[in-house]
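Beneath this line is the structure, given in structure tokens, with notes to follow.
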Amino acid sequence: MEKGNRPGIYLETDTRTGISILLVGADGKIEHINRENPAEDLVAFTDLEFSYYHSAIQQLWDKHPLFEERSPVPISDYEDFELRAIRIMEMLRSIDPVVYFRVSQQMAEALALKDDGSPFPPR
């Protein structure tokens with residue numbers, strides 16, 4: 001894989017040792033994950049357990065004070081929510097590094113959003 005590629009998830013097939021999944025970050029850092037073949041990887045993915053991760057997200061969404069209807073919302077609620085969301089996201093690293101990579105990209109995009117005054121989440 002040549003430098004300068006756009007961030008994303010790529011499949012490299014000419015490795016002579018199977019396939020390699022390349023995770024290219026926004027900073028250009030490339031992480032290689034070697035696999036035997038795509039079919040085995042897909043079958044392995046179906047056995048991954050995401051229920052604890054999903055439960056943690058649902059609990060954060062249902063119970064975090066950031067989502068209580070009040071005004072103004074203290075900045076400390078936003079900061080606490082961000083820290084909790086990042087900790088939950090880190091769970092994915094041990095479950096599946098490819099999923100973690102994608103979620104971490106989405107998290108970075110969300111954290112870069114500028115406040116335009118519109119409500120969040122959109123109703």
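If you're wondering where the values come from, they're calculated on a predicted model, not measured in any experiment.
- Residue H54 qualifies as open at atom NE2: its count of foreign heavy atoms under 6.0 Å is 12 or below.
- Closest non-hydrogen pair, I57 versus I88, comes out as CG1-CG2, 3.8 Å.
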query: Are V24 and K29 close enough, and set up right, to give a side chain to side chain contact (heavy atoms under 4.5 Å, CB included), and what steps lead you there?
result: CA-CA 6 Å; V24 181; K29 180 181 172 197; over 6 Å; no
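- The aromatic rings of F67 and W61 lie tilted to each other, with the angle between the two planes from 30° to 60°.
- Y53 has its side chain out of reach of V99: every pair of non-hydrogen atoms, C-beta onward, lies at least 4.5 Å apart.
- Nearest heavy-atom pair across M91 and A56 is CE-CB, 3.7 Å.
- Taking the ring-ring contact (aromatic ring centres under 6.0 Å, His included) definition, one finds that F50 meets it with F45, sequence neighbours left out.
- With a 4.5 Å cut-off on side-chain heavy atoms, E79 and L83 do not count as touching.
- Q105 and P7 make their closest contact through NE2-CB, 3.6 Å (heavy atoms, listed as atom of the first residue, atom of the second, distance).
- Of all the heavy atoms in D80 and H64, the pair that sits closest is OD2-NE2, 2.7 Å.
- Every residue two or more places apart in sequence or in another chain that forms a salt bridge (charged side-chain N to carboxylate O under 4.0 Å, His left out) with E90 is listed here: R93.
- Side-chain contact between F101 and E31: absent, with no pair of heavy atoms (C-beta onward) separated by less than 4.5 Å.
- Looking at Y78 and I75, their side chains come closer than 4.5 Å, going by heavy atoms from C-beta outward.
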message: Run L92 and R102 through side chain to side chain contact (heavy atoms under 4.5 Å, CB included) and show every step you take.
response: CA-CA 10 Å; L92 289 175; R102 184 62 188 128; over 6 Å; no
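- Under the rule for a ring-ring contact (aromatic ring centres under 6.0 Å, His included), Y100 has no partner lying at least two apart in sequence or in another chain.
- Scanning both residues, P65 and R70, for their nearest heavy atoms gives O-NH2, 2.8 Å.
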